[in-house]
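Shown next, in structure tokens, is the structure this report addresses.
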Amino acid sequence: MAVESRMDKIVGLCKRRGFIFQSSEIYGGSNGFWDYGPLGVELKRNVRQAWWADMITLHDELTVQPGAPSTFDMTGVETSIIMHPQVWKVSGHYDLFCDMMVDCRACKSRFRADHIQSSQCPQKPSKCPGEHDSCQLTDPREFNLMFKTTLGAMGTEADAAFLRPETAQGMFVNFKNVCDSSRVKIPFGIAQIGKSFRNEITPRNFTFRSREFEQMEMEFFCHPSHSLAWYQYWRDRRYNWYINLGISKANLILREHAKEELAHYSVGTADLEYAFPFLGPGEYGELEGVAHRGDFDLRSHSEGKLKKEGESLVVEQGADGKPKYAGSGKDLSYFDDQTRERFIPHVIEPAAGCDRATLAFLCEAYYEDEQPDEKGVMQSRVVLRLHPRLAPIKVAVFPLIKKEGMPEKAAELYRDLKQAGIAAAFDQQAAIGRRYRRMDEIGTPYCVTIDGETMTAGTVTVRDRDTLEQIRLPMNEVVGYVQGKLRG
RNA sequence: GCGGGCGUAGCUCAAUGGUAGAGCUCCAGCCUUCCAAGCUGGUGGUGUGGGUUCGAUUCCCAUCGCCCGCUCCA
């Protein structure tokens, strides 16, 4: 058996301490689905909250943000997971995700059934798949990356609906509703956090590629002539969000897509990628894509599914000469009453994976170091150096020993912290050193210990997770101290 | 989905065609005045379903899950 890898240790810690479990584990597990445990749910909530606060709650619409072309508005929505089936036809997901596919058992390649005639056999490029002697093609099989369900108890194929493969369409189809109801003016953004579903062929690498996952997406609508500047603004701002929450610059890269790599509608896309431990040296996994989507989405939902023809996007025609998938027919243009100009806004989309961000923060935080025990012998220590704002528990309170009134005093402080809205823990079980280690392993940044001096002088020690240094504070200053650390 | 490897306790690892053990963790008690201490006791396991057999954790089949490669993406 090989030495346990860093990733194995992180996965083990996640299970051991209740961050992440495999879904339906007692029944043998369900591939590509994950459950967040008591600590994991807090960590992920904190990731979500950090994103939402940055995007919405703390956004200052009166001040020009550093690096931004102008002031802007931010709003949020929460839209349904099952949408009108036409949404996915117009967005392109239906065609992209619902193909009939043919596999070749000989060369292990997969081809779209309707593209066989124009594809090359990997073993003999001059021939089509199936024409080479050794080819062993399967029958065409439905290869559906969207989860299908049916509407209504008697649902037939005509009632087929899909679980959303991304949250973005919820913002596009509500563009007009938000404009009409919230007095926002362009430029502005609509943000949403929610579950999305993709029937991934090969879920892999812990929670990195799951079939059910949570996205944190924002669609930013702006004037076409300013779109490039906004693209650059959001790309850099999103990079800094991760850095400010503790991701090191050594492990995070901002990678601009090459022109060939861009989606059919995109003018520019950058990926924020993290050096996950399960990847090889120099390899990175995508945390977030920041895409310049032009006017593709709003035009599609207005006119019908678009395809690229030369340099422009045109409505894709069916065999009958009508649009292959009709749009809503609603006018999704925007009228600027200052400049008296009507235009279809361009869209900048930072689309982040919440589970991926959570996993990256966990990976980044995982450390093993050596600390002396009470006899001065070096012992290995596992510590999660999570940013205090992300830590599931912010502060733990310990009575040094289980008598002389210390547990009662500790409970008093614990209650004060809870009253102040701080996630606090109380532990009087086992030796003090063990309690510190337990908290290190789940990333609790501060441990407060009630000792003999607390009983006489009213002071406590506050021990720092990363430095192990202790300071003495009056007990009634602990709440303010922790609040200050969480703010800074 | 295809090909290869792997499934014994929460973790690390034993053993066996005939009652599955240990260390650590965890829980309870005692002790303990600052970094996984000590003592006592306790919980807990052969992924799942079939087959062969008097008897299967062990042999066979299937299935599920995990890891690696193809593939895909937030």
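Protein chains get the first letters and strands the later ones, always in sequence-line order, with residue 1 at the start of each.
Of the candidates C27(B), A74(B), G10(B), the closest approach to any side-chain atom of Arg438(A) belongs to C27(B). Distance from the side chain of Lys15(A) is smallest for G10(B) among the nucleotides C66(B), C73(B), G10(B). Closest to the Arg437(A) side chain, of the nucleotides A74(B), C70(B), A36(B), is A36(B). Considering only side-chain atoms of Gln22(A), the nucleotide from C68(B), A74(B), G65(B) that sits closest is G65(B).
Electrostatic pairing of Lys195(A) and Glu212(A) counts as a salt bridge here, judged by a charged N lying under 4.0 Å from a carboxylate O. Salt bridge Arg415(A)/Glu412(A): absent, no basic N to carboxylate O contact under 4.0 Å.
Each salt bridge (Lys or Arg N to Asp or Glu O under 4.0 Å) pair with one or both residues in residues 164-173 of chain A, not counting sequence neighbours, would appear here, but there are none. Screening residues 394-407 of chain A for side chain to side chain donor-acceptor pair (under 3.5 Å) gives no qualifying pairs among residues at least two apart or on separate chains.
Pairing of C13(B), defined by two Watson-Crick or G-U wobble distances under 3.5 Å, is identified with G21(B). For C35(B), there is no paired base (Watson-Crick or G-U wobble, both distances below 3.5 Å). Nucleotide G69(B) forms a pair with C2(B), judged by Watson-Crick or G-U wobble geometry with both contacts under 3.5 Å.
Remark: Lys89(A) is positioned above the aromatic ring of Tyr94(A), its terminal NZ or CZ atom under 6.0 angstrom from the ring centre and at most 45 degrees off the axis.
For Phe206(A), the ring-ring contact (aromatic ring centres under 6.0 Å, His included) partners are Trp34(A), not counting sequence neighbours. Every residue meeting the ring-ring contact (aromatic ring centres under 6.0 Å, His included) condition with Trp230(A), not counting sequence neighbours, appears here in chain and number order: Phe72(A), Phe220(A), Tyr233(A). Under the rule for a salt bridge (Lys or Arg N to Asp or Glu O under 4.0 Å), the partners of Asp466(A) that lie at least two apart in sequence or sit in another chain are Arg385(A). Looking at residues two or more places apart in sequence or on another chain, you find no ring-ring contact (aromatic ring centres under 6.0 Å, His included) involving Tyr231(A). With sequence neighbours excluded, the residues forming a side-chain hydrogen bond (donor to acceptor under 3.5 Å, both in side chains) with Thr449(A) are Tyr436(A), listed by chain and number. Qualifying ring-ring contact (aromatic ring centres under 6.0 Å, His included) partners for Phe208(A), counting only residues two or more places apart in sequence or in other chains: Phe276(A), Phe278(A). Annotation: side-chain hydrogen bond (donor to acceptor under 3.5 Å, both in side chains) contacts of Glu273(A) (sequence neighbours excluded): Arg255(A).
At whole-Å resolution of the value, NE2 in His93(A) and C1' in C73(B) are 11 Å apart. Atom P of nucleotide C67(B) and atom CZ of Arg209(A) are separated by 11 Å, given to the nearest angstrom. Note: CD (Glu219(A)) to P (A74(B)) measures 12 Å, nearest angstrom. The separation between Ile26(A) atom CD1 and U46(B) atom P is 13 Å, rounded to whole Å. Taking atom CZ of Phe21(A) as the reference point, atom P of C11(B) lies 12 Å away to the nearest angstrom.
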Identify all pairs in which a protein N or O lies below 3.5 Å from an N or O of nucleotides 4-8 of chain B, and state each distance.
none

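Base engagement by Ser210(A) is indicated by at least one non-hydrogen atom pair under 4.0 Å involving a base atom. Across all strands, Phe208(A) comes closer than 4.0 Å to base atoms (heavy-atom distances). Residue Glu200(A) is in base contact, counting any heavy-atom pair closer than 4.0 Å across all strands shown. Note on Leu468(A): a base of the nucleic acid sits closer than 4.0 angstrom, heavy atoms only.
Taking only distance into account, the side chain of Arg356(A) meets the base of C73(B) through a donor-acceptor pair shorter than 3.5 Å.
For U25(B), the OP1/OP2 oxygens have no side-chain nitrogen or oxygen of Arg17(A) closer than 4.0 Å.
Nearest-nucleotide positions on RNA chain B place Arg16(A) closer to the 5' end than the other of Arg16(A) and Asp355(A).
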(message) Can you build the contact string for nucleotides 28-34 of chain B? Use B for base contact, S for sugar-phosphate-only contact, and - for no protein heavy atom under 4.0 Å.
(response) S---BBB
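Listed by residue number, the members of residues 164-174 of chain A with any heavy atom below 4.0 angstrom from RNA chain B form an empty set.
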